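A short worksheet on the structure shown next.
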There are 2 protein chains.
Amino acid sequence: MPEPISRRRPLLHEARCQTCSLSSLCLPLALELGDVSQFDAIIRRRAPLKKGEPLFRQGDTFTSVFAVRSGSLKQLTTEGAGNDQLTNFYLPSELVGLDGIDEEHYPGSVIALETTTVCEIPFDRLDLLSEELPELRGQLYRSMSKELRDDRRMMRLLSRKTADQRLASFLITLSDRFRRRGYSPYSFRLSMSRADIGNYLGLAVETVSRILSRFQNQNVVAVSGREVNILDMPRLISLAEEEEADVSPH
Amino acid sequence: MPEPISRRRPLLHEARCQTCSLSSLCLPLALELGDVSQFDAIIRRRAPLKKGEPLFRQGDTFTSVFAVRSGSLKQLTTEGAGNDQLTNFYLPSELVGLDGIDEEHYPGSVIALETTTVCEIPFDRLDLLSEELPELRGQLYRSMSKELRDDRRMMRLLSRKTADQRLASFLITLSDRFRRRGYSPYSFRLSMSRADIGNYLGLAVETVSRILSRFQNQNVVAVSGREVNILDMPRLISLAEEEEADVSPH
DNA sequence: CGTAATTTTGAATACATTCAAAGATGGTGG
DNA sequence: CCACCATCTTTGAATGTATTCAAAATTACG
């Protein structure tokens, strides 16, 4: 569906890569200043998504990948009877939609977990620009490669880890992602529900809740609603790795 | 370790993309004839791997991706105490090593399940060539994108499917991959052990064995060692999808 | 402020695992 | 070529972890 040509309106947060605080994490990370503006030129700013709004829906025609600017999203794949699988959470600077390249359609819906802004990068233009800019091309390959590695880490989590280990790993991974983005790795807010976490980790909601309660009782974390405080990171890390002999029965 | 320069020896199966039966599935699939020979020029043929031999080991420096020419391989990621996770099986025409691009090292070991030949594609040359050949670049993006989609299907399998559904899905996926390669989708030989299957599907060996026996008793498949015959594909598909009310208690 | 949605907790159940052991297969050397 | 040993596969029984079902408590939101 063609959009009005009058997209030259100055958005409130006239967002350019050159002034974006995420540029050191995002796709143009490897580009020199002159090249960044070429990249910037193909990007389309989007109106912010409200909580629950889809960036796109499963089956929509693939046209673009998206870089998260602020907020967060989840990717859901529906198959058969109302049986969704949450396959990813996306935080600022991460690329959404790379798994749609090879088919006509996006393989899952991507939905905002809170108010979220994204940069739209039309893939045909990105591909063409990647011909001219080897660093951009390399970064694109690396982004996809990293996502492959992350996926395999996730498979390992799903197939070999206990519920406790999954929750601990999840919190550590989130913590690390926040740290990289300049936020506190010890204190953060979950933008997703317990149900989302359970769906993502292959656990029932009740299990997620129970284990968070247990972690709290063990003074590993303090959880209040969606606020998380990691109190004992070393212990959390050891919980994520392997079941150890119960140290403190009380 | 540098190899002798005399690699110009004519290999028994002097393997060129132009005469390769897999060319319609492999990376150069989208290339025109003239371009194929450019692609062919950067490829290095490798001596066949014997069963159990590694193509590369976890931690080895990333230099190349590999296209499987014949045989099959498994990818293993070791983390912590002897706790391997099998994250992928590779069949002819499939690309191995894409998850190593963004770090210095391969994130897992890849090991031949039987006598296996591969084409080595040095990644720096591939990247350069992908600058000149948009179709090659596109195919590379698509290959990675497809692998991302497959990974997410696998996550869904690991987090939502029962053991029966996992085994059924596994057999169907294999069947489909054989069919695409011109082999019978109903009768094939597993190159991997039950332990490998269990590791891959997140199940204990015993569970894999039990379920295969059950499928056999239900006349869905006939399994003899590593020979598999799919007797009732529609039933197998329904088994893969969802638990249905037991139809024939018999 | 009231209603719907989410989260927490408890008890019973189920599915796959673990432990144990027998049976089959395959590769190697005598 | 066959025998032997190691490895792989199959089967059974007991166990355990997470699920499901049920319901209360808390939170979010209009």
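Model, not experiment: these values are computed from the prediction. To find a chain, count down the sequence lines: A is the first, B the second, and so on, and within it residues start at 1.
Put simply, the side chain of A:Asn229 never gets that close to the backbone of A:Ser187: no donor and acceptor are under 3.5 Å apart.
With respect to the salt-bridge test (charged N to carboxylate O, under 4.0 angstrom), the residues A:Glu103 and B:Lys146 do not qualify.
Counting to the nearest Å, the C1' atom of D:dT11 and the CG atom of B:Asn217 are 12 Å from each other. If you measure from atom CZ of A:Arg226 to atom C1' of C:dT6, you get 8 Å, rounded to the nearest angstrom. Atom CD of B:Gln165 and atom C1' of C:dA16 are 14 Å apart (whole Å). In this structure, A:Leu212 atom CG and D:dA18 atom P are separated by 14 Å, rounded to whole Å. Atom P of nucleotide C:dA16 and atom CG of A:Leu158 are separated by 16 Å, given to the nearest angstrom. Remark: C1' of D:dA28 and CE of A:Met192 are 18 Å apart, rounded to the nearest angstrom. Rounded to an integer number of Å, the gap from B:Glu206 CD to D:dT9 C1' is 10 Å. Between the CG atom of B:Asp196 and the C1' atom of D:dT9 there is a distance of 13 Å, given to the nearest Å.
Across B:Asn88 and B:Glu147, no two heavy atoms sit closer than the pair ND2-OE2, 3.7 Å. Closest heavy-atom contact between B:Arg69 and B:Cys20: NH1-SG, 3.5 Å.
At a threshold of 4.0 angstrom between heavy atoms, the contacts of A:Ser193 are confined to the sugar-phosphate backbone, with no base atom among them. Using a 4.0 Å heavy-atom cutoff across all strands shown, B:Gly198 reaches no nucleic acid atom at all. Using a 4.0 Å heavy-atom distance criterion, A:Arg166 is classed as making no nucleic acid contact. Note on A:Arg214: nothing from the nucleic acid sits closer than 4.0 angstrom, heavy atoms only. Within the nucleic acid shown, B:Lys51 has no heavy atom closer than 4.0 Å to any nucleic acid atom. Backbone-only contact: A:Leu203 has heavy atoms under 4.0 Å from sugar-phosphate atoms and none from a base. A:Ser209 comes within 4.0 angstrom of a base, heavy atoms only.
Considering only the side chain of B:Ser213, D:dT10 comes nearest among C:dT7, C:dA16, D:dT10.
Contact annotation: A:Arg210 does not reach the phosphate of C:dT8 (side-chain N/O to OP1 or OP2, under 4.0 Å).
Between A:Gly225 and A:Ala204, the residue whose closest nucleotide on DNA chain D is further toward the 5' end is A:Ala204. Between B:Ser224 and B:Thr207, it is B:Thr207 whose nearest contact on DNA chain C lies nearer the 5' terminus.
Relative orientation of the B:Phe56 and B:Tyr106 rings is parallel, given thresholds of 30° and 60° on the angle between their planes.
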